[in-house]
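Here is the structure we will look at.
Below, chain A is the first sequence line, B the second, and so on; all start at residue 1.
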Amino acid sequence: MLRLYDSAHGELRALRARDDGKLSIYLCGPTVYDVPHLGHGRHALVWDVLRRWCTFTGLEVRFVSNITDVDDKIINRAAKEHVSEREIATRYEEAWFAALDRLGVARPSAVPHATHYVDEMVTLIEDLLARGAAYPLDDGVYFDVTKVPDYGLLAGQALESLRAGARVESRDDKRSPLDFALWKFAKPGEPSWMANFGPGRPGWHTECVVMALDLLGEDFDLHCGGLDLQFPHHENERAQAVALGRPFARHWAHHGWVMSGEEKMSKSLGNFTTLDELLAEHDPRAYRLLVLRSHYRSPVDVTPETLADAERALARLDALARRFALAPSLRDGMVVASARAWRGDAAALYDAVRADLDEDLNCPAALAKLFDALSSANARADRGEEGPARELAEAINVLAGALGLELLVSNDEIDPATTKLVRARDKARAKKEWSRADELRAELEALGWTVEDSSAGTVVRRA
RNA sequence: GGCGGCGUGGCCGAGUGGUUAGGCAGGGGCCUGCAAAGCCCCGUACUCCGGUUCGAAUCCGGACGCCGCCUCCA
């Protein structure tokens, strides 16, 4: 049974699903007004790993993640570029999925777009108005946070203390400075939808609550996202559901930041690296490995050094794949459990990895087990224990794949000129012409190949 | 001001009352024509000060330092 830290209760809790054998997850997706950065990458990777692992262990996972395609930031950008909001949203949604595809993040089961759910949002706001949990002002409809007795649950603070700390410049006529806009009345030139309380557009917090309830139903299992969304976004989603008397997420989980040096990486600080910039220089798997090597709730420091470190660790995994000629594990997307038939060391490895992941998704500990096993597989092969070594290597391959980390045997195209050099070198080595063999190796390396000798002769791959 | 997190060996990073985390880098060795890959061995770390305990990096108290949330943010 998977236990996860539940942000609403501040403790580890068994993830008890509404329906046996199934898991419903909602992840707040991006507001598509700019290209994704490393923080978005971690956000996507962390929950991709959870989803993959749960799928691997036999759960049927429904994973919903939205696209916020109407928002102030999209409107502002559209105005700046003199193009439509729709054009901005489409452009950056494409950029989002392009980057996530490269990271090997599986597409969600469903990707609701806020603009397709406006009618449902209007209905929800009408309901809140009817219940007296919302009230109109001249620029929009607001939610009355005092109508939710445990408002502040996710913030970990009582309403009073939140109010005292409120830094937001507040309209005097809001009942509480923490009241938030459910609906913003239309301003000239902005996209708007009809509603009997006045034309306008939905507030962000209303979008997610509607889409989550519509696609996953009441009392769905897990709502996750970044720590920065815990308050106020998730608090406010929940508040609306509570005010409506509709059970919302059973569990809440939040992941930590990507740090750039000592600071949180964020748009507002302007210290972010885009995913495209990262992927131009690094194997996407290296970023996944780097992310997996810290606990999802801790900050992860992304620097050239930590990336290089992850790349070299990845090279060891690939070397294992080469040695045992392992087949790619992700050919069909998700790896589904094949661990039941495992015996011996492979079974023990699976148990150990599962124990780590079951305890709040402890990926760093699980990876440590995989690396232990990697050494063990190589050592056994060195000793000539081919069978057990191979079984273990294959288990490592499958388990890494279950985390979305695919081990790869390089399949570089080898051009005729290179083949010629390789053959010449093998010939020289056969005749024990060592200096000639070394010259040819240097030539190959100058052409960008990594050269290794094996029992089958010279093997090259792209450095 | 309120709330929360963190401080582990050269670097990254788990753990959390007694037992090797793991990776990267470094040193030594084996293998190899030499390399590469791989294997073996090695460093014996937990911010500081008190306390609890047979025993604390791990619990409690305090100090110092760093970070975050309370405003858009993954």
For this session: Please determine, for B:rC69, whether a Watson-Crick or G-U wobble partner exists with both distances under 3.5 Å, and give it or none.
Result: B:rG2

Exercise. If you look at every strand shown and take non-hydrogen atoms under 4.0 Å, does A:R297 touch a base, only sugar-phosphate, or nothing?
Worked result: nothing

Exercise. For B:rG38, what is the paired nucleotide under Watson-Crick or G-U wobble rules, both distances under 3.5 Å?
Worked result: B:rC30

Problem set entry | Trace of the ring-ring contact (aromatic ring centres under 6.0 Å, His included) decision for A:H9 with A:W252 | CA-CA 9 Å; A:H9 298 96; A:W252 292 86; over 10 Å; no

Problem set entry | Below 4.0 Å: OP1/OP2 of B:rC40 and any side-chain N or O of A:R380 | no

Exercise. Checking only heavy atoms, does the side chain of A:R383 share a donor-acceptor pair with the base of B:rC39 at less than 3.5 Å?
Worked result: no

Exercise. Base, sugar-phosphate alone, or nothing: which one does A:P232 contact when heavy atoms must sit under 4.0 Å apart?
Worked result: sugar-phosphate

Exercise. Under 4.0 Å: is that the gap between some side-chain N or O of A:N378 and OP1 or OP2 of B:rC39?
Worked result: yes

Problem set entry | Sugar-phosphate only, base, or nothing, as touched by A:G39 at under 4.0 Å among non-hydrogen atoms | base

For this session: Mind checking A:S454 for me? I need base, sugar-phosphate or nothing, with any heavy atom below 4.0 Å counting as a touch.
Result: nothing

Problem set entry | Under 3.5 Å side-chain donor-acceptor pair for A:D360 and A:Y296 | yes

For this session: Remember a base hit wins even if backbone is also touched, and classify A:E305 as base, sugar-phosphate or nothing at under 4.0 Å, heavy atoms.
Result: nothing

Exercise. So, is A:T306 close to the B:rG13 phosphate, meaning a side-chain N or O under 4.0 Å from OP1 or OP2?
Worked result: no

For this session: For the pair A:H223 and A:F220, name the ring-plane relationship: parallel under 30°, tilted 30 to 60°, perpendicular over 60°.
Result: tilted

For this session: Check whether any side-chain nitrogen or oxygen of A:R316 sits under 4.0 Å from OP1 or OP2 of B:rG38, and answer yes or no.
Result: yes

Problem set entry | Any A:S375 side-chain nitrogen or oxygen under 4.0 Å from OP1 or OP2 of B:rC39 | yes

Exercise. For the side chain of A:D228 and the base of B:rG68, is some donor closer than 3.5 Å to an acceptor across the two?
Worked result: no

For this session: Using a heavy-atom cut-off of under 4.0 Å over every strand shown, decide if A:G10 touches base, sugar-phosphate, or nothing.
Result: nothing

Exercise. So, A:W434 and B:rG33: ring centres less than 5.5 Å apart, planes less than 30° off, yes or no?
Worked result: yes

Exercise. With a non-hydrogen cut-off below 4.0 angstrom, is A:T450 in contact with a base, only sugar-phosphate, or nothing?
Worked result: nothing

For this session: State whether the distance check finds a donor on one side and an acceptor on the other, under 3.5 Å, for side chain A:D372 versus base B:rG22.
Result: no

Exercise. Does A:R312 make a side-chain donor-acceptor contact with the base of B:rA25, cut-off 3.5 Å?
Worked result: no

For this session: Output yes when A:R425 and A:D453 qualify as a salt bridge under the 4.0 Å nitrogen-oxygen rule, no when they do not.
Result: yes

Problem set entry | G-U wobble or Watson-Crick pairing nucleotide for B:rA57 (cut-off 3.5 Å, both distances) | none

Problem set entry | Residue mapping more 5' on RNA chain B - nearest nucleotide basis, A:Q157 or A:L38 | A:Q157

Exercise. Between A:R429 and A:D382, who's closer to the 5' end of RNA chain B by nearest nucleotide?
Worked result: A:R429

For this session: Tell me what A:V258 touches on the nucleic acid: a base, only sugar-phosphate, or nothing, going by heavy atoms under 4.0 Å.
Result: base

Exercise. Between A:D6 and A:A8, is there a donor-acceptor pair closer than 3.5 Å when you use the side chain of the first and the backbone of the second?
Worked result: yes

Exercise. Looking across every strand, which nucleic acid part, if any, lies under 4.0 Å from A:N362 by heavy atom: base, sugar-phosphate, or nothing?
Worked result: sugar-phosphate

Exercise. Would you call A:D358-A:R3 a salt bridge at under 4.0 Å N-O?
Worked result: no

